[in-house]
Every structure is written in structure tokens, then in C-alpha cells.
2 protein chains.
Amino acid sequence: MADINFSSPQAASDSRAAESRPSPARDGALRWDIIELLFFAYRDFVGDADHELEAFGFGRAHHRVMHFVYRYPGLKVADLLDVLRITKQSLGRVLKQLLDEGYIVQKTGNNDRRQRLLYATAKGEALVARLATLQTTRIDRALEQIGPAGAETVRRFLRAMIDRDDPDKVLETIFGAASAKE
Amino acid sequence: MADINFSSPQAASDSRAAESRPSPARDGALRWDIIELLFFAYRDFVGDADHELEAFGFGRAHHRVMHFVYRYPGLKVADLLDVLRITKQSLGRVLKQLLDEGYIVQKTGNNDRRQRLLYATAKGEALVARLATLQTTRIDRALEQIGPAGAETVRRFLRAMIDRDDPDKVLETIFGAASAKE
DNA sequence: CAAGATACGTCAATATGGCTGACATAAACT
DNA sequence: AGTTTATGTCAGCCATATTGACGTATCTTG
């Protein structure tokens, strides 16, 4: 559509607006490429699930809750709040929907009867598996293109991108398992 | 905090709720580990910027707009809509704020005077650079742990995670530049 | 046992950032 | 002159997040 007024990155600094000053030299030291690749990769990665969720009348929030409840059976509400980093009021609505519609069930804790331990039902498992299958397809396709050793490199990179101070229980499990994966 | 009712992934399938059925065998073929690592890595990655943005009274939406306007000077409004995949009404509010507060300026297109080409001001550049610096610190820290060859593996992985059909102009630039980076 | 802390639920109000639909204007194209 | 395109804007709706307050059951502790 129309002409090419779409310059390459930083190639048109001379055409900057009046108030604009030449870009600082530190610019080259920044990881612009990876920053942008992460943006697009994550956008498309969650896009897979978003599209499918529409058919269920659910949003991203429902996916996140279902995923972690399925993966870590018996998760407490408080743990879920830590992982998702949202307030219990926000979680409340989404969780209530998933309970009402039979995707998740609650069980009173054995040791502490105040706790409501969360478990995915068969219906919930089916949903999570369907979404994970979509995302796995994308991941497998990407991993194919970087060779067998690449997968471990990617895992190590992603792990190193995650904050290690004040980890929640899910992260403790993930990092605790270390390389004892699969 | 209290007892350990936090099972390892899939280790507590026997304690599932009544309606729950044993997990299907396909479970093992799914990339649970990478799915979760991507979630946490991206959460913390954008968290760096989120925290800083609060001081400016801005949100993630402002960051995304500022980033791409800075990186691709002279971006048209329509291009920005393609990249961000939002409607012009949504963009409108955010963009107006950034214009009013002097982070971005508009310039009428030379060839087509209907177009409003977008440019970051010095003020805008400073903001983008500050946020990119935070994120670069995290990325550099992660790359250090996977060796020099790892960075290119990560780039190739992320590129392969992105949809190639119907790419917007920014993606065309990114993929067009191929390995002619930096 | 009584007091306090904890786990969870919920009501109410508010903000952000998406969305659709409709309509307006200016400029380009035919 | 008429149509299409690029942009802006008004009005309203929805999803998801927030804070603050309050209630209730249950565990812990003096």
C-alpha cells in the first residue's frame, strides 16, 4: 500500500522532528533485536490460545488459572495468587466461573481445613491439553530449526531471564527440579 | 508457610477430584516446561518496564507505542495499528497522551499529505532508552549464562516462533534484515 | 479458653486497555 | 465530480486489573 516511508531502524535519524536530538551513542549497546523478537514471539505464542479460548467464552485469565491448576494439582488459592501476581478479587471472578462451569473443583485441605485445594476436572484437563497442544506445535516447529542442542540452550536462556529472588511455589518447583526434567 | 500440599507436576494424579480422570498419555508429548518458562520469562521481562512506567503515569500500551515509533522513525498510524494489532480507537487515546505530553511528534507526509508520520522527541527517546536499558540488563545477564553461540540460537528460536504469514511492515523489516543485524 | 492471625470469599468503586459502530474531514485517485 | 483512503473522534461496552472494607471459618498461640 502506497509508498515506502518506512525507514529501516535508525536509518532515518536525519529526518527526525524538530525537538528530536541525535540518538545517544549508548543506543548500539541495547538489545533491540531480542527485545522485539520477544515481543512478537510472545504475541503469537499466546495468540494461539487466545483464538481457541474464544470458542469457550474464556479469556487469557481463565487459561492461566486452568494451566497452573492442572499442572500443579492441589494448588492453594494463595499459591495461585503468588504465581499470577494478581489480587484475590481479580482471581475471584475467573475462578468462580471455572468452578461453576465444572472445569475446576475445590477440595478442603486435610491438614488445614481453611484451604481450598484446586484440581482440574476431566473437562478442565481437556481444555488445558487442547491449548497446550497448539502452543507445543509452535514450539516444536521453532525447535526443529535450531537443532537438538538448541532446545536446552533455549531452556537455559529462559530460566536465566526469570527473577530468582522471592520465587513463588511453582517457580520453586520448576527450579528445584533443575535439570531433572522429563 | 505451613505444610507442603504442593505436589510436583503430575505427581499427584491419584489425589485428583472425583470427576477427574487419569491424565491422557499424550501429556508427555507436550512442551510444558517451555510453555511455563516462556510465561515466567515474559512476565518478568515486561515487569522491568512496567515498574518504571508507573513513575511516568504510563502503562504498557504507552511503552509499545513509544518503542516502535522510536525504532522505526516516520511510522504511519496505520503501520502502528498493524504491528500492535489493536484498533485505531484504542491507539487513539494512548497516542494522544504521548503527543500532548511531548513524547512524540507528528509530521505530515511528503508524498501523501493525509499521513501523519510519527517521530519520537528527545523526551520520548529518553524514555524508550531507559526502558530498553532495563530489559537489556536482564537479557545480557541471561545470555552470559549460555555462552557466545547461544545468543544466535536464541534469536533463531524466537524468529521461528513468529508467524510469517501476513507480516506487518515492522516484521518485514526485521526478517528482511535477516542476519544483517547491527 | 480467649485472642489473634490466617485463608478465603465478597461487596463496592475505580482504572486501563481492549472492542464495535458511526460519523467527519482532508487528501488522493479515477 | 465521485470514490476511496488515512486519520481522528464520539459514544458505549467488556474484560481484567486495582484498592479498601468487611465477614466467616479455622488454625495457632498465650
Side-chain angles (χ1 to χ4, degrees), chain A residues 1-6 43 46-47 49-51 53-54 56-66 69 74-100 104-118 168-169, chain B residues 1-6 43 46-47 49-51 53-54 56-66 69 74-100 104-118 168-169:
Chain A
M1 293 159 176
D3 50 320
I4 303 160
N5 44 23
F6 197 89
R43 180 189 69 174
V46 297
D50 284 349
H51 193 264
L53 283 160
E54 278 182 32
F56 292 83
F58 289 152
R60 257 178 227 183
H62 300 86
H63 184 194
R64 293 196 288 262
V65 171
M66 277 310 310
V69 167
L75 205 59
K76 287 185 295 179
V77 170
D79 295 328
L80 203 42
L81 294 178
D82 285 346
V83 174
L84 302 181
R85 293 202 184 156
I86 57 175
T87 58
K88 64 179 171 179
Q89 292 87 338
S90 294
L91 176 60
R93 278 165 311 125
V94 170
L95 187 54
K96 194 174 191 311
Q97 258 187 284
L98 292 169
L99 287 164
D100 289 347
I104 287 177
V105 287
Q106 287 181 327
K107 249 181 62 176
T108 299
N110 290 326
N111 308 325
D112 188 336
R113 294 179 46 214
R114 290 171 304 180
Q115 297 172 351
R116 307 299 162 82
L117 310 185
L118 304 172
D168 50 64
K169 292 200 173 187
Chain B
M1 297 157 173
D3 50 321
I4 303 160
N5 45 23
F6 196 86
R43 180 190 70 173
V46 297
D50 284 350
H51 192 263
L53 284 160
E54 278 182 32
F56 292 82
F58 290 152
R60 259 180 225 182
H62 300 87
H63 184 193
R64 291 196 289 262
V65 171
M66 276 309 310
V69 167
L75 205 60
K76 287 185 295 179
V77 170
D79 295 327
L80 203 42
L81 294 178
D82 285 346
V83 174
L84 303 181
R85 293 201 186 156
I86 58 176
T87 59
K88 64 179 172 179
Q89 293 89 334
S90 294
L91 175 62
R93 279 172 310 181
V94 171
L95 186 54
K96 195 174 189 311
Q97 257 187 285
L98 293 169
L99 287 164
D100 290 348
I104 287 178
V105 288
Q106 288 180 327
K107 249 181 63 176
T108 300
N110 291 326
N111 309 325
D112 187 336
R113 294 179 47 213
R114 290 171 304 181
Q115 298 172 350
R116 306 297 163 84
L117 310 186
L118 304 172
D168 50 64
K169 292 197 173 188

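Predicted model only: the values in this text are computed from it and were never measured. The sequence lines fix the lettering, A, B, ..., with proteins before strands; numbering per chain opens at 1. All heavy atoms count here, side chains included; hydrogens, waters and symmetry mates do not.
Note that the CG atom of A/N110 and the CG atom of A/L117 stand 7.5 Å from one another [nearest 0.5 Å].
Considering only side-chain N and O atoms, A/Q106 lies under 4.0 angstrom from the phosphate OP1 or OP2 of C/dG9.
Atom C1' of nucleotide C/dG9 and atom CG of A/L118 are separated by 13 Å, given to the nearest angstrom. D/dC27 atom P lies 9 Å from atom CD of A/Q115, rounded to whole Å. Protein atom CG of A/L75 is 14 Å distant from nucleotide atom C1' of C/dC8, rounded to whole Å. If you measure from atom CD1 of A/I104 to atom P of C/dC8, you get 14 Å, rounded to the nearest angstrom.
When all heavy atoms of B/T108 and B/R113 are compared, the closest pair comes out as CG2-O, 3.2 Å. A pairwise comparison of heavy atoms in A/L84 and A/R64 identifies CD2-CB, 3.8 Å as the closest pair.
When each of C/dG9, D/dT9, D/dA6 is scored by its nearest atom to the side-chain atoms of A/V77, the top-ranked nucleotide is C/dG9.
When the ring pair (Phe, Tyr, Trp, His ring centres under 6.0 Å) test is applied to A/H62, the partners found at least two apart in sequence or on another chain are A/F58. By the side-chain hydrogen bond (donor to acceptor under 3.5 Å, both in side chains) test, A/K88 is found to be paired with no residue, residues two or more places apart in sequence or in another chain being considered. Looking at residues two or more places apart in sequence or on another chain, you find a side-chain contact (heavy atoms from CB on, under 4.5 Å) between B/L99 and B/L95, B/I104, B/Q106. Applying the side-chain contact (heavy atoms from CB on, under 4.5 Å) rule to A/D50 yields the partners A/V46, A/L53, A/R60; only residues at least two apart in sequence or on another chain are considered.
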> If the sugar-phosphate is the primed atoms plus P, OP1 and OP2 and the base is the rest, what is the B/S/- string for nucleotides 14-21 of chain D, using protein heavy atoms under 4.0 Å?
Replying inline: --BBBBBB

>> Quick one, A/V77 with A/L118, criterion side chain to side chain contact (heavy atoms under 4.5 Å, CB included). Give me CA distance, side-chain angles, the key distance, then yes/no.
In response: CA-CA 7 Å; A/V77 170; A/L118 304 172; 4.3 Å; yes

Report, one pair per line, the protein and nucleotides 27-30 of chain C atoms (nitrogen or oxygen only) whose separation is under 3.5 Å.
residue	atom	partner	partner atom	Å
C/dA27	OP1	B/R113	NH2	3.4
C/dA28	OP1	B/R113	N	3.1

